Number of protein chains: 2
Amino acid sequence: MTDRPADGPLPPRPRRRATTDPARTEPRLTRAEIVRAALRLLAEQGYEAFSMRRLAAGLEVKNPSLYWHVQHKEELFDLIADAVVGECPLPAPAGAEDWSGQLAEIARGLRRAMLAHAAAVPLLSGRPFLGPNGLRLADRVAGLLRGAGFDDRTAGHGYLLLLYYVVGFVGQETAFGPGETGEARLHAMHRTLAELPAGAYPHLTALSTAITERGLDDRFELGLRGLLSGLAAELPAR
Amino acid sequence: MTDRPADGPLPPRPRRRATTDPARTEPRLTRAEIVRAALRLLAEQGYEAFSMRRLAAGLEVKNPSLYWHVQHKEELFDLIADAVVGECPLPAPAGAEDWSGQLAEIARGLRRAMLAHAAAVPLLSGRPFLGPNGLRLADRVAGLLRGAGFDDRTAGHGYLLLLYYVVGFVGQETAFGPGETGEARLHAMHRTLAELPAGAYPHLTALSTAITERGLDDRFELGLRGLLSGLAAELPAR
DNA sequence: ACCTGAACACCGTTCAAGT
DNA sequence: ACCTGAACACCGTTCAAGT
């Protein structure tokens, strides 16, 4: 019972080469290369064009080869997601003074990382961030909150709150397809709201311009501020 | 230019029958029936077993028939998502007094609706809620917040915040597959955290029991409370 | 108006076989 | 250890044709 968990998505299968093997050849594929190629394919062709076969073709390899490196598409998606999360810069674990600002920085960084791979966002959406990079991020956030004086439970839910917000926000802002810019999407959304049958959704139509007149960055900051002040309100003694 | 927008997912194609047709037969399929059957198929076989062909089989119809009622799978998914959202009960639009409590009720209702169709959750995750039920929900929430004294922009972002939180939370709590109960998933998560390489993620491992010792309902309420108090902090005059 | 047969152009994945 | 050929069991979608 001391072996590693069998079902987790993460234990990368051992990639040690047998040292006794005389006729060594470099493997043509690496997990890292596969993930890089997958991100490129996503960027160039979009999410719905992604397939294992296309990915293999891009790597100049027959498609069954991928299955030596990766159990299945889902596992590859786990790796891709973790790679994207890994591009979120983490501030050096500093003092407890400005926890709120540091959290905001992390949130912005995660959003930027996701926007840099907009076509990969749909595949991040429902996925728990349990890859090494995701865990590192979680640990950093948890550390920040604990350092600030939050009790363990609140620290935990603070992390989740932040995560849900960023993933939810970016998920929606990229929902209309990666072809258009964020601002173009905002305008489309505004038009959609403005075109609703008059009087059917009075509050929504009233909100339509207020919601869309400022940019997406602004909106992100607004929600982020609310979220952080909500957290601050639960800080115990101080 | 007065015709309805061509690309929106929502304008249900006109389903009026020609009144002059003499030999009338009832159509064997309806959009509503298709959606119902789809939800049943999801519940019985799970998300990854879902296919248009299986759905057609369940309806005792050949699969191309579906394409007379629905443009493509994506459009069907829009309909399914809206049906699930439609099961969220909306409190009667009451006075402004307890906006926070009413918002919480809506959030709980939406979570329950999603959990009642756990296998449909992955398909809700990245999707904007622009169906009639989604719009109704948005309008109600917006109305609540405006009635409470929030300005239009804050009302808008309040709605989004709530939505992201609920969808994010339920997305994660159902992420490990619909086969297991929520509590079983919590234990699995706890085990995952506890089994992390010692010392690699100190804060996470420290949090692992605190995070999982209370049930998911508790955790949901905690985050919800934080979110609502964050919103309250932005209420202007009062 | 509504449904079907037949077909197109794909998928993810397995597995015996090569090197 | 790593990659391939060939195949299996599917997909979503189209379209001419039936009623």
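Predicted, not measured: the structure shown is a model, and the values here were computed from it. Note on naming: letters A, B, ... go to the chains in the order of the sequence lines (proteins, then strands), and numbering restarts at 1 for each one.
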Original post:
The side chain of B:Trp68 lies closest to which of these nucleotides: C:dA1, D:dA1, D:dG12?
Top reply: C:dA1
Subject >> Residue whose closest nucleotide on DNA chain D lies nearer the 5' end, A:Leu66 versus A:Asn63 >> reply: A:Leu66
**OP:** Ignoring backbone atoms, establish whether B:His69 has a side-chain N or O less than 4.0 Å from OP1 or OP2 of C:dA1.
**Re:** no
**OP:** Nearest whole angstrom, please: distance from the P of C:dC10 to the CZ of A:Phe50.
**Re:** 17 Å
**OP:** Using atom types as modelled and distance alone, determine if a side-chain donor or acceptor of B:Arg214 lies under 3.5 Å from a backbone N or O of B:Arg219.
**Re:** no
**OP:** Taking only the side-chain nitrogens and oxygens of B:Lys62, find out if one of them lies under 4.0 Å from OP1 or OP2 of C:dC3.
**Re:** no
**OP:** Could you tell me the separation between the CG atom of A:Leu29 and the C1' atom of D:dC3, rounded to a whole number of Å?
**Re:** 9 Å
**OP:** Determine the interplanar angle of the A:Tyr165 and A:Phe220 rings, folded into 0 to 90°, and report it as parallel if under 30°, tilted if 30 to 60°, perpendicular if over 60°.
**Re:** parallel
Subject >> Salt bridge A:Glu173-A:Arg111, side-chain N to carboxylate O under 4.0 Å >> reply: yes
Subject >> Short N-O contact, B:Glu74 and B:Arg127, less than 4.0 angstrom >> reply: yes
Original post:
Could you spell out the base pairing of DNA chain C in dot-bracket, with Watson-Crick or G-U pairs whose two distances are under 3.5 Å, [ ] crossing and | to another strand?
Top reply: ||.|||||...|||||.||
Original post:
Which value, in whole Å, describes the distance between the P atoms of nucleotides C:dA9 and D:dA9?
Top reply: 22 Å
Original post:
How close or far is atom C1' of D:dC10 from atom CE of A:Met52, stated in whole angstroms?
Top reply: 16 Å
**OP:** State yes or no: are the ring centers of A:Phe77 and A:Phe50 separated by less than 6.0 Å?
**Re:** yes
Subject >> Closest to side chain of A:Tyr67, choosing from C:dT4, D:dT4, C:dT13 >> reply: C:dT13
Subject >> Integer-rounded Å distance: D:dC11 P and B:Glu48 CD >> reply: 12 Å
Original post:
Mapping A:Pro64 and B:Glu74 to their closest nucleotides on DNA chain D, which lands nearer the 5' end?
Top reply: A:Pro64
Original post:
Separation of B:Glu60 atom CD from C:dC3 atom C1', in whole Å?
Top reply: 15 Å
Subject >> Distance in angstrom units between B:Gln45 CD and D:dC10 C1', rounded >> reply: 15 Å
**OP:** Among C:dT14, D:dT13, C:dC3, find the nucleotide with the atom closest to the side chain of B:His72.
**Re:** D:dT13
Subject >> Protein-nucleotide distance (A:Leu55, atom CG; C:dC10, atom P), rounded to Å >> reply: 17 Å
Original post:
Hey, does A:Ser65 reach any base, or is it just sugar-phosphate, or nothing, if we go heavy atoms under 4.0 Å?
Top reply: base
Subject >> Spacing of B:Leu59 atom CG relative to C:dC2 atom P, expressed in whole Å >> reply: 16 Å
**OP:** Can you spot which of A:Ile106, A:Leu110, A:Leu161 makes a side-chain contact (heavy atoms from CB on, under 4.5 Å) with A:Val166?
**Re:** A:Leu110
Subject >> Closest to the A:Arg54 side chain, choosing from C:dC11, D:dT13, C:dT14 >> reply: C:dC11
Subject >> Closest to the B:Arg53 side chain, choosing from C:dC15, D:dA7, C:dA7 >> reply: C:dA7
Subject >> B:Glu33 backbone acceptor or donor facing B:Thr30 side chain under 3.5 Å >> reply: no
Original post:
Are any of the side-chain heavy atoms of A:Asp139 and A:Leu135 separated by less than 4.5 Å?
Top reply: no
